[in-house]
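Since the structure comes first, as structure tokens, the remarks are kept for the end.
Numbered from 1 within each chain, the chains take letters A, B, ... in sequence-line order. The figures that follow rest on heavy atoms only: side chains count, while hydrogens, waters and symmetry mates do not.
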2 protein chains.
Amino acid sequence: MAIRPAEQLIHKAAWLYYAHGLRQDQVASQLKISRASVAMYLRKARETGIVNISTSTQLFTDDVLARQLEDALKLDAVWIAPENDYVADPSTDIAVLAASVFLELVKKGDRIGVAWGRTVYTIADIMSYADLQDVTVVQLCGNLGAPYSYRPDQCTMEIARRLNAKGINFYAPLVLTTEELARGLRAEPVIREQLSSIHECDLALYSVGTVDADSHVVKCGALTAEEMGALRKAGAAGVIAGQIIDAEGKALDCSYNRRVISAELSSLRKIEKRLMVVQEDSKFEPLIAAITGGLCTHLVVGARMARRLLDHAGPAAEKAS
Amino acid sequence: MAIRPAEQLIHKAAWLYYAHGLRQDQVASQLKISRASVAMYLRKARETGIVNISTSTQLFTDDVLARQLEDALKLDAVWIAPENDYVADPSTDIAVLAASVFLELVKKGDRIGVAWGRTVYTIADIMSYADLQDVTVVQLCGNLGAPYSYRPDQCTMEIARRLNAKGINFYAPLVLTTEELARGLRAEPVIREQLSSIHECDLALYSVGTVDADSHVVKCGALTAEEMGALRKAGAAGVIAGQIIDAEGKALDCSYNRRVISAELSSLRKIEKRLMVVQEDSKFEPLIAAITGGLCTHLVVGARMARRLLDHAGPAAEKAS
DNA sequence: CACGGCTCTCGACAAAAGTCAAACAGACTC
DNA sequence: GAGTCTGTTTGACTTTTGTCGAGAGCCGTG
């Protein structure tokens, strides 16, 4: 397959069509090919990120609510997806917004840490393609062996593919059976190096998980529902990158956390931009915990959740002032 | 006119169409308006920069020639527009390319210095709209009083308008009749401040002018053809932001330069990214002078000019190594 | 309160873009 | 050297989008 001429043609077609504003038939005659081919090239150009079509996410930050939340929660930026409005599925809207925001935050040369979960995978799945140079996407936590559809490595690789970036996977299980084994594995040079380089990321993308029987970590088998119940009694408030956090956003002192291979929360906090995306209303408490723990600087939520957060933070803020 | 709801609708339409990928009729039914209105909103969204369509300029840097030039001339980046190829007017192609490159180089929060001339105005004119926040566009040199079509303030304002940025004009003439008056004016706090803040720019956009009777500065009446002839004999090699430079790219020691109100070359050199765009083949010597003087880090030229530059620099580079 | 002048909106038509099956061209295998 | 497989190109067709003039709503003004 002659890859070069094809690539060139795609670039030229995209250039003439999008930058010069020619029509497809004009491009076709310039390039001496059929218009149908031009249409195909243009589709490829869009799919591979040679052309970038992005909408301003301004609309969602212009919102007064977003500004109030930024102040109340001391966050760098908040985006709020309108809910029960004109879009069929509100949670899709949040993911679409999150994908746009994410793409807006990524810069050339960045190193990006990606966690996992349904939310992250949904974002990856609808994210448009881009052609960022020198971007590296790293996995923030260990893997699940099971054939589970939102596996950490899948999330990482899919996002890397979309950005035309390098994806670095984490070849270790998320959770091990004994603390000793986990300690040993963390000490392995390969793993050690990867874990210690996480704080060098410029941007992190994650969501937060609940700590009930429906929790992601339970459904994927990392914990049983009973174990989760016990952890909950012990103060578990949420899940970040596979780790259990308490209401203060600190790693819970428990056997499970000691058996997990994942980025340390302190490393995560060193990442400049921490983009947290929450789709479900049920994640209110976990989200509060994550924010309290400083695990989030940029936030994408739905309107209902935003109002709840403000109701929660508002009184506290008033008290403080 | 209710400006708010209209703006909101444009945003929503753009969002549903470009981010969610709905069809226009679907957007129309969601928003409960006619499809024709949706089409109109989308056009407005594109025209105001609410949506951004940008093509990768990769194609033009991938060129071997561009790489060779970068090395030979010690430039940060070079883009080469293919000439006598498939596009009708090669100089338009250079301007289109320059506009894309320019938009790619601009970041949020940047301060941009803009000079003037036909090239700069052409670029401004075909540049697509963008919605950058907190961008400031400043004029690099004084103004022409005459109703001339590529006036410095017009260049600045047009680019500011396209970027949805703040434009800061320079309310002083480009050239005065006496050196004394120029000194006095430069000492004025308003002017002084503006001149001294130029080195804080993150990006500069300019071209270079010739020093013959056809020169821009002659045509707009800043200099007579005779004066220009004399300056040429005295070593003038090009014009940058209204100032005459010699073959070394230094400001020529002459009365004219002392009567000009413009950014000092040393300030220009402090700007991190100096994007120089040259359309005409006749500007070879002036361009060499500008590059020699370190007034250019990013360059956009046509293929013919690129080859001439390489022929010129190539032997010298070989001699050096 | 009727009158231009203004913009916004809509329906209908024309133009442009997307899609598909079939033909085709290379590369590789046997 | 024929056969197969994969990926590209094309013409014909369908769907989607752009545009234009007519009409509707909305102000300030006389």
Side-chain angles (χ1 to χ4, degrees), chain A residues 1-56 59 62 85-88 96 126-129 131 161-162 164, chain B residues 1-56 58-59 62 85-88 96 126 128-129 161 164:
Chain A
M1 181 183 70
I3 208 165
R4 269 296 114 196
E7 277 269 295
Q8 282 281 97
L9 271 182
I10 294 177
H11 268 101
K12 284 187 179 178
W15 179 249
L16 291 170
Y17 186 76
Y18 286 106
H20 279 267
L22 299 186
R23 273 187 274 99
Q24 291 191 355
D25 50 3
Q26 296 178 297
V27 176
S29 64
Q30 292 274 16
L31 263 41
K32 306 228 179 7
I33 52 178
S34 78
R35 207 191 50 69
S37 295
V38 173
M40 192 210 51
Y41 286 152
L42 293 179
R43 181 161 40 73
K44 281 199 180 171
R46 283 188 300 264
E47 281 170 1
T48 54
I50 288 171
V51 306
N52 245 11
I53 302 184
S54 63
T55 58
S56 159
L59 173 61
D62 271 358
D85 203 334
Y86 42 84
V87 176
V96 172
I126 53 154
M127 178 157 37
S128 59
Y129 291 79
D131 192 14
R161 196 172 72 83
R162 301 267 172 159
N164 209 348
Chain B
M1 183 182 68
I3 207 166
R4 269 296 111 196
E7 277 268 295
Q8 281 283 97
L9 271 182
I10 294 177
H11 267 104
K12 284 186 180 177
W15 179 249
L16 291 171
Y17 187 76
Y18 287 106
H20 279 266
L22 299 186
R23 274 188 274 97
Q24 291 190 357
D25 50 3
Q26 295 177 298
V27 175
S29 65
Q30 292 273 17
L31 262 40
K32 307 230 177 6
I33 53 177
S34 77
R35 217 204 81 259
S37 296
V38 173
M40 192 206 51
Y41 286 152
L42 293 179
R43 183 160 40 73
K44 281 197 180 170
R46 284 188 298 264
E47 281 170 2
T48 56
I50 288 170
V51 306
N52 248 10
I53 302 184
S54 62
T55 56
S56 158
Q58 194 80 26
L59 173 61
D62 272 357
D85 203 332
Y86 42 85
V87 176
V96 171
I126 52 153
S128 59
Y129 291 79
R161 195 172 73 81
N164 209 348

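- In this structure, Ile10(A) places its CD1 atom 11 Å from C1' of dT8(D), rounding to the nearest Å.
- Looking at residues two or more places apart in sequence or on another chain, you find a side chain to side chain donor-acceptor pair (under 3.5 Å) between Ser34(B) and Ser37(B).
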## Note on the structure
Going 5' to 3' through nucleotides 9-17 of chain C and flagging B where a protein heavy-atom sits under 4.0 Å of the base, S where only the sugar-phosphate is that close, and - otherwise, we get SBB----SB

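- With sequence neighbours excluded, the residues forming a side chain to side chain contact (heavy atoms under 4.5 Å, CB included) with Leu22(A) are Leu16(A), His20(A), Gln26(A), Val27(A), Gln30(A), listed by chain and number.
- Residue pairs satisfying the salt bridge (Lys or Arg N to Asp or Glu O under 4.0 Å) criterion with at least one member in residues 24-34 of chain A, sequence neighbours excluded, are listed as follows: Arg23(A)-Asp25(A).
- Take Tyr17(B) and apply the side chain to side chain donor-acceptor pair (under 3.5 Å) test, not counting sequence neighbours, and it matches no residue.
- In this structure, the side chain to side chain donor-acceptor pair (under 3.5 Å) partners of Asp131(A), at least two apart in sequence or on a different chain, are Asn164(A).
- One can place CZ of Arg43(A) at 11 Å from C1' of dC20(C), the figure rounded to the nearest angstrom.
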